[in-house]
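Below is one structure, written out as C-alpha cells; the observations come after it.
In what follows, chains are A, B, ... by sequence order, proteins preceding strands, each numbered from 1.
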Amino acid sequence: MVDLNSFSLLALWSATALYALALIAFALDLGRRSAEVNDASHAVSSAVAASEARSEVTAEAGGGVAVKTRPAAKKRDDSAPQVTAKRSPSLRSAMALMVLGFLLHVAADVTRGIAAERVPWANLYEFVMTGTMLVVAVFLVVNIKVDLRYLGTFISLLVVSLLCMGTINFYVEVAPLPPALQSAWLVIHVFLATTAMGFLALGCALSVLQLIQARTEARGAAIGDLKLKFMATFPTAHRLENLAYRTVIVGFVLWTFTLIAGSIWAEAAWGRYWGWDTKEVWTFIIWVIYAGYIHARATKGWRGSRAAWLAIIGFGTVIFNFTVVNIFFNGLHSYSGL
Amino acid sequence: MWRQLTSMRTALLLLLLLAIAAIPGSLVPQRSSDPNGVTQYFTEHPDLAPVLDKVQMFDVFTSAWFSAVYILLFLSLIGCVIPRVTHHIGALRARPPRTPIRLSRLSDYSEVTYGADDGVKADAAAAVSSARDLLKKSKYRVELYEAPATRTSPASISVSAERGYLRETGNLVFHSALLLILLVVGIGGGFGYTGQRVVVEGQSFVNVLGDYDSFSPGRFFDPAQLSPYALTLDEFDVTYETENLNAYGQAIDFDAKVTTKTPGGGETDSSIKVNDPLRLGGTDIYLLGNGYAPTITVKDPDGNVVFTDSVPFLPQDPSTLTSVGVVKVPDGLTKQVGMVGFFYPTAYPLESGAYTSTYPGLEYPLLTLNVYTGDLGIDGGVPKSVYALDVDGMKPLTGGDTGVDSIELMPGQSTELPNGLGTIEFVNENPQKGSFAGSVHRFASFDIHSDKTQLGVAIGVVFVLLGLLTSLFVPRRRVWVKAYDNDDGTVRIEYAGLARGEDPGLADAVEGIAYRHGTELGVDRE
C-alpha cells in the first residue's frame with residue numbers, strides 16, 4: 001500500500017515549490033508594472049511638452065498604456081488606479097501556478113487526513129498546512145469577485161514562508177487524537193479560526209498597500225518620481241481601505257465565531273467556557289484589536305492610516321498566536337505536538 | 001468629563017488599552033488558571049515574584065487596573081448607547097427626510113428622460129407613485145414630497161426612501177448584549193461554585209461540602225444549594241494506542257464508568273469522559289485527570305492492620321505515568337511513619353539503579369518507598385496536603401545516606417518495614433496469573449461545577465452574534481426618486497442614493513432601482 005503520509009508530504013513540498021514559482025512570477029509582474037508606469041510617465045511628460053505646442057492632446061500614446069487624465073467632471077472615479085496595467089502573462093502564469101499549487105495542497109491535506117483518519121488540523125504542522133491552504137483558498141475565491149491579484153506577492157510569500165517553517169520545524173508523524181481533542185468542536189473551532197486567518201491575511205496585505213499608497217498620495221509626486229513605481233497601477237488608498245475593511249469584517253465575524261465555538265468546547269472539555277488560558281487571552285486580544293479597527297473606521301483622526309496600522313498589528317498578533325503562543329507559552333492549548 | 005468619556009476616540013483608546021492590559025496575563029502564570037505555575041514562579045524568581053505580586057500580575061484579570069480599564073470602557077459604552085437608543089427610537093418613528101433640492105450633488109446619481117418614444121406614458125406623479133411602490137416592495141420606508149417651482153428648478157414630485165434601520169438596531173443590540181454578558185458574569189458568577197474530588201475505583205463521592213478535596217464557592221454561595229447525590233466510580237477504563245509506533249502508548253480514550261444515586265431517582269449507570277461531562281443535579285461533573293492509586297496495607301509487628309488504603313499517586317509524566325505519592329501512618333505503630341514513593345506502571349531499571357516507566361499501562365508495575373519516622377505534623381490541627389510530606393525533622397530509615405535499600409514491591413508482594421516497625425503489603429486488586437491487568441486501582445479526578453451564568457451568557461452571545469451580523473452587513477441607505485414634467489410631455493426622472501455607514505453596494509442598488517423602475521414604467525428593452 002502506498003504510504004499516504006509520505007505522499008502527503010511530497011505533495012506539500014511540490015505545492016510549496018509551485019507557490020515559490022508563483023511568487024517569482026508575481027514579483028516579475030510587479031517589475032513589469034513599474035516599467036509600464038515608467039513608460040506612462042514619459043508619455044505624460046511628452047504629452048505635457050506637446051500640449052504647450054498644441055492646445056489639446058489625448059494621453060493615449062505611450063505604447064498603448066492608458067493614462068488616466070484627471071477629469072474635471074464631478075463624477076470622477078476615485079477608485080481607479082492612475083495607470084491601468086496591461087494584460088500580463090506573468091500575472092496570469094502566477095495565478096495559474098497558485099491554482100496548481102492549491103490543488104496539490106488540497107491533495108496533501110486530504111491524504112494527511114485520510115492517513116490520520118481524522119481532520120488534518122490536530123497539531124501545529126497540520127494546522128500550518130491547513131491554515132495556509134485556506135489562506136490561498138480565500139485569496140483565490142475573493143479574486144473571482146474582486147481583482148486582488150496584485151496581492152499575490154504578499155500572499156505567496158506568506159504561504160511559502162509558513163509552509164517551509166511548518167514542514168521543516170513543526171513536522172510530526174501521524175498520531176491519534178488525544179481524548180481532549182476528540183470532539184466535533186475540533187472540526188468547527190479550528191476550521192473557523194483558520195478561515196478567519198485567510199481573510200485577516202488579505203486585510204493585512206491590503207492595509208500595507210493602503211499605507212504605502214496613502215504616503216505616495218500625500219507626497220503628491222508625479223508617477224515618474226515614485227519609489228515603488230508599480231504602486232501607480234494599484235487602486236487608490238481610499239479604495240484599498242474599503243477593500244481591507246470589507247475583508248477584515250468577514251475575518252472578524254469568523255473570529256467571533258471561533259471564540260464562541262471555542263468557549264462552548266472549553267465548557268465541555270475543561271468545565272468552564274472562559275478561563276483566561278494563554279490562548280484564550282490572545283484570542284481575546286486579537287478580537288479586541290480588530291474591534292478597535294472597526295471603531296477606528298468611524299473615529300475622526302483614526303480613519304485611514306491609523307486604522308490600517310491596527311489591521312496590520314492585528315494580523316501580527318494572529319500570526320503570533322498561531323506560532324509563538326502555540327510553541328512557547330504554557331497553557332491548555334498545548335497541542336502543537338512538538 | 002462625561003462627554004469625553006463617551007466619545008468614540010476614548011472608547012477606541014480604552015479598547016486598545018484593554019488589549020495591551022491583557023498581555024501580561026499570558027506572560028505570567030495566573031492564579032485563576034495555573035496556580036501551580038504561580039508557585040513555581042515564586043520559587044524560580046524569588047526576587048521578582050513579590051514585586052509582580054504587588055501589582056497583581058498573577059491576578060491580571062481581576063486586578064484593579066484591568067478592572068478599571070474594562071469598567072471605564074463599559075461606562076463609555078453605556079454613555080454612548082443610551083443617547084443612541086433614544087435617537088434611534090425617534091428615527092424608527094420618523095418619516096424619511098425631505099428630498100434634497102439638488103440630488104445631482106450626491107455621489108450615486110443618475111437621471112433619465114422618458115417619453116412616449118420609449119413606451120412610457122406616465123407623468124411625473126404616476127412615475128413617482130410607481131417608484132414608491134417599487135421601493136416599498138424592496139423594504140424601504142417611503143414618503144412622498146412635492147416641491148413647487150422655484151427660480152432655479154421646475155416643480156417636482158419625489159419619493160424619499162430609507163432602509164436598513166436594522167443596522168443601527170443590530171449595533172445597539174450588540175453593545176447591549178456585551179453589557180448583559182458582563183453583568184451576568186459579574187453577578188451570576190457569585191452563585192456558583194467549583195470543587196475537586198479524587199475518586200479511586202470502587203470508592204464513592206457524596207455531594208456535601210465535607211466530601212470535596214477542594215472547594216471554591218462564589219460570593220453568594222449557600223451550602224444548602226448542593227443537590228444531594230452520590231457517585232461511585234465503578235471502573236476507570238483507559239485505551240492506549242498500540243498499533244501506531246509513532247504514538248505507542250498514547251492514551252486515546254479515558255472512560256470513567258460511574259453509578260450515580262439521587263434521593264428520588266434511584267441508581268443510574270453513566271460514563272464520564274473528557275469532552276463529555278455528566279450533568280447531574282444542577283452540576284456538571286468533568287473528568288480532568290487520572291492516575292494510579294496503589295492499595296497499601298501496613299500491619300504492626302503483631303499482624304494487626306494499622307493502615308489500609310488506596311493512595312492516589314500523582315502522575316509526573318502523563319505519557320508514562322511515573323507517579324509520586326505519600327503514605328502517612330499516624331497511629332498504631334510505635335512511631336508516626338511517613339513514606340514517600342514512586343510508582344512505575346511499567347518499570348525499567350536505568351543504569352544509575354533508579355527506575356523509570358516506559359509505558360503507562362500495567363505491564364510491570366513497581367512501587368518504591370522511602371520510610372521516615374517522626375512527627376507527621378498533622379496533630380496540630382493545621383490542614384496538610386495529603387500529597388506532600390514534610391520530611392524536615394523526620395528520620396529517614398531507608399534510601400539516601402541510611403545504607404538501607406528503599407522498599408521495592410510489586411502487586412501482591414509484602415515486606416518488613418525497617419527497624420521492626422511492622423510489615424507493608426502492596427495489595428494486588430486483581431490477582432490472576434500471567435497478567436498485572438487491574439492489579440492496581442486507578443483514580444479519576446473530577447471537577448464539579450455549578451455555573452449559574454451559562455444560560456445568561458449563552459443568550460447574550462446569541463444577541464451579540466445577531467447584532468454583529470446585522471450591524472456589519474445590513475446596509476443603511478437613503479434613496480430618492482424625483483420626477484419633473486417637461487414641457488414636451490416627457491418626464492425627467494432623477495435617482496440618487498446616500499450611504500449611511502459602510503455600504504459598498506449602494507451604486508449597484510441605485511442603478512438596479514433605476515432599471516427596475518424603468519421596466520415598471522414600460523420602457524422598451526430591446
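For a residue to count as touching a neighbouring chain, one of its non-hydrogen atoms must lie under 4.5 Å from one of that chain's; by this rule A/W287 touches chain B with the side chain only. Using a 4.5 Å cut-off between heavy atoms, A/T256 touches chain B through its side chain atoms alone. When heavy atoms are compared at a cutoff of 4.5 Å, A/A298 approaches chain B by way of both its backbone and its side chain. If you measure heavy-atom distances from A/L177 to chain B, the contacts under 4.5 Å come from the backbone alone. Heavy atoms closer than 4.5 Å to chain B are found nowhere in A/I264, neither backbone nor side chain.
Ion pair B/E502/A/R297 flagged as a salt bridge, since at least one NZ, NE, NH1 or NH2 atom sits closer than 4.0 Å to an Asp/Glu carboxylate oxygen.
Not a single side-chain hydrogen bond (donor to acceptor under 3.5 Å, both in side chains) links B/T470 to another residue, sequence neighbours left out.
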Below 3.5 Å, can you tabulate the donor-acceptor pairs from side chains in residues 13-30 of chain B to any protein atom, sequence neighbours excluded?
residue	atom	partner	partner atom	Å
B/S26	OG	A/W282	NE1	2.8
B/S26	OG	B/I23	O	2.9
B/Q30	OE1	B/V60	N	2.8
B/Q30	NE2	B/V28	O	2.9
B/Q30	NE2	B/M57	O	2.9

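Annotation: side chain of B/N244 is in contact with side chain of A/P176 (closest heavy-atom distance under 4.5 Å). Side-chain atoms of B/F473 and A/V253, non-hydrogen and from C-beta on, do get closer than 4.5 Å to each other. The shortest side-chain heavy-atom distance between B/L465 and A/F257 falls under the 4.5 Å cut-off.
Taking every heavy atom of both residues into account, B/H175 and A/H295 meet most closely at NE2-NE2, 3.8 Å. Scanning all heavy atoms of the two residues, the minimum distance from B/H449 to A/G271 falls at ND1-O, 2.5 Å. The two atoms that bring A/A175 and B/A247 nearest to each other are CB-CB, 3.8 Å, heavy atoms only.
Note on ring orientation: taking the six-membered ring where Trp is involved, the planes of B/F61 and A/W276 are parallel (angle under 30°, cut-offs 30° and 60°).
No donor-acceptor contact under 3.5 angstrom links the side chains of A/W185 and B/N275, judged on distance only.
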